[in-house]
Amino acid sequence: MPELPEVETVRQTLKANILGKTIRDVDVFYEKMIHGTDVQSFVSHLKGQRLLDIKRYGKYLVFLFDEVAMVSHLRMEGRYFLKHLDLVRDKHEHVIFYFTDDSTLRYQDTRKFGTMELCDKDDYMSMKGLKKLGQEPIAEEIDYDLVYQKVKNRKQAIKTVLLDQTVLAGLGNIYVDETLFLSGLRPEKKASTLRKQDVKMLVRNSKIVLEKAIKLGGSSIRTYTSSLGVTGRFQNELYVHTRQGEPCKVCETKILKTKVGGRGTYYCPTCQTFKLS
DNA sequence: GTGACCACCTGGCCGC
DNA sequence: TGCGGCCAGGTGGTCA
């Protein structure tokens with residue numbers, strides 16, 4: 001599923017291929033995907049708009065046009081494909097953007113969880129979701145104290161807290177499992193028991209994991225591929241996620257699977273024994 | 001303010 | 001082979 005590295009890969013790929021194109025028309029085949037306005041208004045506002053830039057905040061993509069911005073979230077299995085006008089529509093393609101050069105950008109989403117919403121191009125950061133995002137671990141400068149302040153009173157498992165996008169933006173199930181492995185921490189450990197230096201270590205390790213994943217084009221677990229069908233290679237680098245029953249790459253102990261906060265969680269019982277209190 | 005729970009949705013897998 | 005049930009999971013909403 002798309003997390004920060006996958007969304008960043010999509011952004012870079014799309015930017016290289018569709019920047020400067022002008023939308024001639026839009027077809028929406030699943031109306032619930034469009035938030036904040038009705039489909040008719042969504043389409044009419046996008047017609048004639050030229051794409052100027054594509055930005056990313058956490059797992060959100062922001063398409064910047066002449067007069068409007070479109071905020072898109074891929075959720076579980078959303079993907080963008082650039083295809084020629086003549087190609088037959090796949091049954092899971094729910095939104096098609098037709099460009100004036102006869103190419104099309106198609107949004108495909110098997111589970112229909114993804115969302116798109118239009119907003120003012122100068123005020124998209126006030127959108128619900130975007131405005132509450134925490135810092136990104138891959139940012140050049142991190143206010144570690146601010147992250148610690150958000151973590152220190154939380155009684156939930158550290159895994160649950162790391163998945164909270166208002167604490168750190170961009171981490172999802174895969175990369176939280178990998179970050180916790182790298183940090184030697186059990187996923188179910190209470191967040192409030194961590195010291196400031198432990199939180200700093202977690203943020204730094206999440207940065208290492210995310211930057212490596214971006215370099216390799218993200219992960220291609222289950223059905224996920226980036227735009228234009230580009231397949232990531234980070235899944236070959238995973239230490240614990242989806243490796244239940246397989247030997248740990250460090251100590252050869254069998255990787256275990258459990259549930260934390262309702263999420264499937266993988267960990268090494270030998271390497272992840274770091275207890276602080 | 002915090003935490004738990006639920007809805008959204010469909011393909012894949014498993015057991016019968 | 002076909003069917004039913006469960007699981008996967010990011011986010012927002014609701015409720016306690």
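All values below were derived from every heavy atom in this structure, side-chain atoms included, with hydrogens, water molecules and symmetry-related copies excluded. In the text below, chain A, chain B and the rest are named by the order of the sequence lines, each starting its count at 1.
Here the nucleotide nearest the side chain of K257(A), chosen from dT11(C), dA8(C), dC8(B), is dA8(C). The side chain of H73(A) has dT11(C) as its nearest neighbour among dC8(B), dA8(C), dT11(C). For K32(A), the listed nucleotide lying nearest its side chain is dC8(B); candidates were dT10(B), dG9(C), dC8(B). Which of dG11(B), dG9(C), dT11(C) sits closest to the side chain of Y60(A) comes down to dT11(C). Listed nucleotides dA4(B), dG11(B), dG12(C) differ in distance to R75(A); the shortest reach to its side chain belongs to dG12(C). The side chain of K112(A) lies closest to dT10(B) when the candidates are dT10(B), dA4(B), dG10(C).
Residue M127(A) contributes atom CE, which lies 13 Å from atom C1' of dG12(C) at whole-angstrom precision. In this structure, Y175(A) places its OH atom 15 Å from C1' of dG10(C), rounding to the nearest Å. Remark: C1' of dG3(B) and NZ of K190(A) are 12 Å apart, rounded to the nearest angstrom. One interatomic measurement links the two molecules: CD of E77(A) to P of dC8(B), which rounds to 18 Å at whole-angstrom precision. The nearest whole Å value for the distance from the CZ atom in R263(A) to the P atom in dA8(C) is 10 Å. At whole-Å resolution of the value, NE2 in H35(A) and P in dG12(C) are 10 Å apart. Between the CG atom of L61(A) and the P atom of dT11(C) there is a distance of 13 Å, given to the nearest Å. Between Q156(A) atom CD and dA4(B) atom C1' the separation is 9 Å, expressed in whole Å.
More than 12 heavy atoms of other residues, nucleotides or ligands sit less than 6.0 Å from atom NE2 of H35(A). Surrounding CD of E67(A) are at most 12 heavy atoms belonging to other residues, nucleotides or ligands under 6.0 Å away.
The aromatic ring centroids of F63(A) and Y80(A) lie less than 6.0 Å from each other. Residues H94(A) and F29(A) place their aromatic rings such that the two centres sit no closer than 6.0 Å.
Under the side-chain hydrogen bond (donor to acceptor under 3.5 Å, both in side chains) criterion, K196(A) pairs with D145(A), sequence neighbours left out.
Residue contacts for K91(A): at a heavy-atom cut-off of 4.0 Å it reaches the sugar-phosphate backbone alone, with no base atom in range. G129(A) comes within 4.0 angstrom of sugar-phosphate atoms only, judged by non-hydrogen atoms across all strands, and of no base.
K132(A) has no side-chain polar atom (N or O) that falls below the 4.0 Å cut-off from OP1 or OP2 of dG12(C). Not one side-chain nitrogen or oxygen of K259(A) sits closer than 4.0 Å to the OP1 or OP2 atom of dC7(C).
The distance from the CD atom of E93(A) to the OH atom of Y107(A) is 12.0 Å, given to the nearest 0.5 Å. Atom CG in L168(A) sits 7.0 Å away from atom CD1 in I142(A) (nearest 0.5 Å).
A donor-acceptor contact closer than 3.5 angstrom is absent between the side chains of E246(A) and Y266(A).
Using a 5.5 Å limit on the distance between ring centres and a 30° limit on the angle between planes, the aromatic ring of F113(A) does not count as stacked on the six-membered base ring of dT11(C).
Contacts with DNA chain B (heavy atom under 4.0 Å) in residues 147-155 of chain A: R154(A), K155(A), listed by number.
In the interface, the side chain of R111(A) is not paired with the base of dG11(B) through any donor and acceptor atom under 3.5 Å apart.
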